[in-house]
Amino acid sequence: MNLVTTILAIAIALSVILATVSFWLPQMYPDHEKLSPYECGFDPLGSARLPFSLRFFLVAILFLLFDLEIALLLPLPWGDQLLSPLYTFLWASAILALLTLGLIYEWTQGGLEWAE
């Protein structure tokens with residue numbers, strides 16, 4: 001019971017110290033942009049029909065695509081417990097090869113360029 005009390009006391013003390021430091025440490029210098037409800041660079045009082053860059057959406061979709069394909073590799077460390085870990089290695093290699101080829105294709109086609 002003494003160990004539980006000690007751990008609980010340490011956790012509470014650490015939480016109080018971190019909360020106090022995070023409250024007093026940051027230096028806040030609010031300006032007009034920080035006080036506005038939108039920090040995305042658009043004028044919140046202007047027209048909502050401003051043209052948006054299609055290149056931005058393409059890069060965002062590419063990021064999501066590569067991010068989701070990388071998520072397929074997350075169970076890889078548990079793959080060595082299967083009956084044949086060679087299949088897991090082959091599938092992971094195929095996914096990485098597909099990612100690499102897709103990245104090379106997008107790079108050569110200019111899909112990652114912000115300016116033309």
Side-chain angles (χ1 to χ4, degrees):
M1 193 63 152
N2 193 13
L3 179 64
V4 173
T5 307
T6 305
I7 291 175
L8 191 59
I10 290 173
I12 290 172
L14 187 61
S15 299
V16 169
I17 289 170
L18 288 175
T20 305
V21 167
S22 70
F23 181 73
W24 293 107
L25 186 63
Q27 299 174 357
M28 302 195 49
Y29 299 110
D31 58 355
H32 178 67
E33 291 296 323
K34 288 287 184 182
L35 294 176
S36 68
Y38 302 103
E39 293 185 16
C40 61
F42 294 110
D43 183 20
L45 302 176
S47 173
R49 304 245 178 223
L50 292 175
F52 224 49
S53 173
L54 184 63
R55 181 103 29 208
F56 172 77
F57 284 117
L58 289 176
V59 171
I61 288 173
L62 284 174
F63 172 76
L64 288 175
L65 177 71
F66 285 117
D67 193 38
L68 289 176
E69 286 183 359
I70 290 295
L72 293 174
L73 297 175
L74 287 177
L76 188 60
W78 291 278
D80 61 348
Q81 299 173 1
L82 296 175
L83 295 176
S84 178
L86 180 64
Y87 289 129
T88 305
F89 175 74
L90 290 176
W91 279 108
S93 298
I95 289 173
L96 286 175
L98 183 65
L99 276 174
T100 305
L101 289 174
L103 181 64
I104 290 171
Y105 176 76
E106 285 297 325
W107 199 339
T108 56
Q109 294 297 316
L112 302 176
E113 298 291 328
W114 282 105
E116 295 179 9

Do you know which two heavy atoms are closest between N2 and T6, and how far apart they sit? O-OG1, 2.8 Å

In Å, rounded to the nearest 0.5 Å, how long is the span from [atom1] of [X] to [atom2] of [Y]?
X: L96; Y: L101; atom1: CG; atom2: CG; answer: 11.0 Å
X: F63; Y: L68; atom1: CZ; atom2: CG; answer: 9.0 Å
X: L3; Y: I7; atom1: CG; atom2: CD1; answer: 4.0 Å

Verify same cluster id: L90, I95 (apolar side-chain graph, 4.5 Å): no

Results of side chain to side chain contact (heavy atoms under 4.5 Å, CB included) for I104 - residues two or more places apart only: T100, T108

